[in-house]
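Okay, so here's the structure we're looking at.
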Amino acid sequence: MYKSLIRPLLFQLPPEQAHEFTFYALKALLQLPGVSELVRRWAQLTGPGLSRDVFGLRFPNPVGLAAGFDKNARLVDEMAALGFGFVEIGTVTPRPQPGNPRPRLFRLPHDGALINRMGFNNEGVAAAANRLRLRKSDVIVGGNIGKNKTTPNDAAADDYRFAFQKLFDVVDYFVVNVSSPNTPNLRALQDKAPLLHLLQTLQEENRAQLQPKPVLLKIAPDLNEAQLDDIIEIVQETNLAGVVATNTTISREGLETPPSQVEQMGMGGLSGRPLRERATEVIRYLNRTSGGAFPIVGVGGIFSPDDALEKLEAGAALVQLYTGFIYEGPGLVKAICREVNRLTVTA
């Protein structure tokens with residue numbers, strides 16, 4: 001029904017408008033008496049092979065919603081009803097910011113992809129924290145944090161620490177986003193020295209809490225092996241809980257969409273099917289080179305149960321959906337869970 005009826009209607013709208021309409025429609029629909037329970041019965045799957053214990057948290061299933069979809073924590077309960085085992089909100093920044101000028105989100109249907117240059121548009125960390133205090137579900141929530149566009153890189157640690165403090169009581173784990181291509185100079189924070197300083201600052205703040213929380217690092221798929229080696233060293237030196245691999249790519253290689261159309265879309269991060277293979281390569285390299293020293297959350301180009309299993313077999317402990325969720329619909333979550341449960345039980 002989604003791919004034959006709902007998606008064609010949504011794809012008649014500009015991408016960002018369709019995204020906003022989906023938010024309002026889901027919120028309104030699941031507030032109707034009895035609808036939320038019906039959705040849960042249809043979407044949620046339980047089974048002996050689904051739960052996962054990862055970085056000290058018990059996940060009811062290994063399929064999560066990636067950051068970027070629900071930046072402002074507006075649909076956490078709704079995403080839980082749709083069967084996600086965890087929801088990552090953000091990226092949120094200390095202060096609200098509008099992001100880049102529209103249009104800034106583009107579909108590449110022939111490639112099953114999106115290009116976005118949203119620019120960390122969000123209502124600020126305080127707004128997200130307030131919503132999370134009011135949520136009704138007990139779904140695991142991750143807080144993806146970043147810096148404001150106007151904050152220079154040499155002061156970035158202060159932004160991340162501020163967002164960390166504001167979210168600490170309302171999320172279960174954190175993800176440090178230094179890999180978005182849509183905030184000027186942000187990716188420079190992936191270099192060894194600034195990244196080490198940033199993560200040490202956050203971990204000092206974390207250790208000052210009565211019960212520290214898992215802190216993960218989200219990395220770009222465009223890093224070379226030497227840079228990935230640095231990431232492994234930094235993760236272990238700063239005692240991070242794990243890595244999210246990967247963010248969107250700046251590459252445009254291998255696309256079926258005509259180059260002239262891609263050029264018209266302009267700059268931004270590419271997500272979806274074209275990212276699947278590279279994201280899996282990064283996961284496999286990190287897992288093999290580190291000897292499985294830390295958990296990896298696999299994200300990038302997951303459009304089917306086989307795509308998810310590929311990430312898990314490469315070394316991911318959990319997976320996340322974004323573009324595949326938009327193209328394939330909410331049934332993808334249950335389909336992945338069903339296959340994971342089947343294979344785990346019969347193994």
Side-chain angles (χ1 to χ4, degrees), residues 1-7 10 19 22-70 73-89 131-132 134-144 170-173 244 295 297-299 302-312 316-347:
M1 179 178 174
Y2 176 82
K3 292 173 71 174
S4 62
L5 178 62
I6 298 175
R7 189 179 75 180
L10 289 174
H19 191 82
T22 300
F23 268 56
Y24 288 116
L26 275 174
K27 180 70 74 173
L29 181 63
L30 269 69
Q31 286 181 344
L32 295 174
V35 171
S36 182
E37 182 59 30
L38 287 174
V39 169
R40 287 192 192 92
R41 290 180 182 179
W42 169 79
Q44 293 180 355
L45 185 72
T46 58
L50 284 178
S51 64
R52 295 288 188 278
D53 292 309
V54 186
F55 41 83
L57 298 174
R58 186 80 190 241
F59 293 80
N61 71 62
V63 185
L65 180 70
F69 189 88
D70 188 9
R74 292 164 52 196
L75 284 184
V76 171
D77 291 335
E78 288 76 8
M79 292 298 106
L82 288 175
F84 282 104
F86 60 109
V87 175
E88 194 171 306
I89 63 100
R131 288 196 181 97
L132 289 173
L134 298 175
R135 67 187 180 98
K136 299 175 182 178
S137 68
D138 60 357
V139 67
I140 291 175
V141 175
N144 188 300
V170 291
V171 300
D172 299 291
Y173 71 90
V244 179
V297 180
V299 53
I302 299 175
F303 278 60
S304 70
D306 284 345
D307 294 338
L309 292 174
E310 178 186 79
K311 296 283 190 291
L312 295 170
L318 306 166
V319 296
Q320 290 180 325
L321 311 179
Y322 185 155
T323 306
F325 181 60
I326 291 171
Y327 276 91
E328 300 297 315
L332 178 59
V333 182
K334 189 173 185 178
I336 294 172
C337 287
R338 182 183 293 114
E339 189 65 9
V340 168
N341 184 62
R342 184 184 70 82
L343 290 176
T344 304
V345 170
T346 58

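Only heavy atoms go into these numbers, but all of them, side chains included; no hydrogens, no water, no symmetry mates.
- Ring to ring, F69 and F84 are not that close: their centroids are 6.0 angstrom or more apart.
- Q44 and G83 make their closest contact through CG-CA, 3.8 Å (heavy atoms, listed as atom of the first residue, atom of the second, distance).
- Taking the six-membered ring where the residue is Trp, Y327 and F303 present tilted rings, their angle falling between 30° and 60°.
- To the nearest 0.5 angstrom, R74 atom CZ is 13.5 Å from L132 atom CG.
- Looking at every heavy atom in both residues, V340 comes nearest to G49 through CG1-O, 4.1 Å.
- Here the shortest heavy-atom pairing between K334 and W42 reads NZ-O, 2.7 Å.
- You'll find the side chain of V333 reaches within 4.5 Å of the side chain of L321, heavy atoms only.
- A 6.0 Å sphere centred on CG of D138 holds no more than 12 heavy atoms belonging to other residues, nucleotides or ligands.
- Checked by atom type, the side-chain pair D307/S304 shows a donor-acceptor distance below 3.5 Å.
- Although no hydrogens or angles enter the test, the distance criterion places a donor-acceptor pair under 3.5 Å between the side chain of R52 and the main chain of L50.
- Side chains of V297 and Y173 form no contact here, defined as non-hydrogen atoms less than 4.5 Å apart.
- Atom SG of C337 is separated from atom CZ of R342 by 14.0 Å, given to the nearest 0.5 angstrom.
- Judged by distance alone, with hydrogens and angles left aside, the side-chain atoms of N144 form no donor-acceptor pair with the main-chain N or O of E88 at under 3.5 Å.
- Looking at K311, its side chain never comes within 3.5 Å of a backbone N or O of Q320 through a donor-acceptor pair.
- Residue D70 holds its CG atom at 8.5 Å from CZ of R131, rounded to the nearest 0.5 Å.
- Put simply, the side chain of N61 gets close to the backbone of G85: a donor and an acceptor are under 3.5 Å apart.
- Applying the salt bridge (Lys or Arg N to Asp or Glu O under 4.0 Å) criterion to E328, with sequence neighbours excluded, gives K3, R273.
- Across all non-hydrogen atoms, the minimal contact from R135 to S137 is NH1-O, 2.9 Å.
- Residues P48 and N341 form a side-chain contact, since some pair of their non-hydrogen atoms from C-beta on lies under 4.5 Å apart.
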Is there a side chain to side chain contact (heavy atoms under 4.5 Å, CB included) between F86 and V54 once you walk through the steps? CA-CA 12 Å; F86 60 109; V54 186; over 6 Å; no

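- Sorted by first and then second residue, the side-chain hydrogen bond (donor to acceptor under 3.5 Å, both in side chains) pairs with a member in residues 22-34 read K27-E78; sequence neighbours excluded.
- Side chains of L75 and L65 form no contact here, defined as non-hydrogen atoms less than 4.5 Å apart.
- When all heavy atoms of A81 and A43 are compared, the pair lying nearest together is O-CB, 3.7 Å.
- Atom NZ of K136 and atom CG of L134 lie 9.5 Å apart (nearest 0.5 Å).
- Relative orientation of the F59 and F55 rings is perpendicular, given thresholds of 30° and 60° on the angle between their planes.
- Using a 4.5 Å heavy-atom threshold, the side chains of M79 and L26 count as touching.
- Residue P305 comes nearest to I336 through the heavy atom pair CA-CG1, 3.9 Å, listed as atom of the first residue, atom of the second, then distance.
- The line from CG of L82 to CG of D77 is 11.5 Å long, rounded to the nearest 0.5 Å.
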Going through the distances and angles, do V76 and I89 end up as a side chain to side chain contact (heavy atoms under 4.5 Å, CB included)? CA-CA 8 Å; V76 171; I89 63 100; 3.8 Å; yes

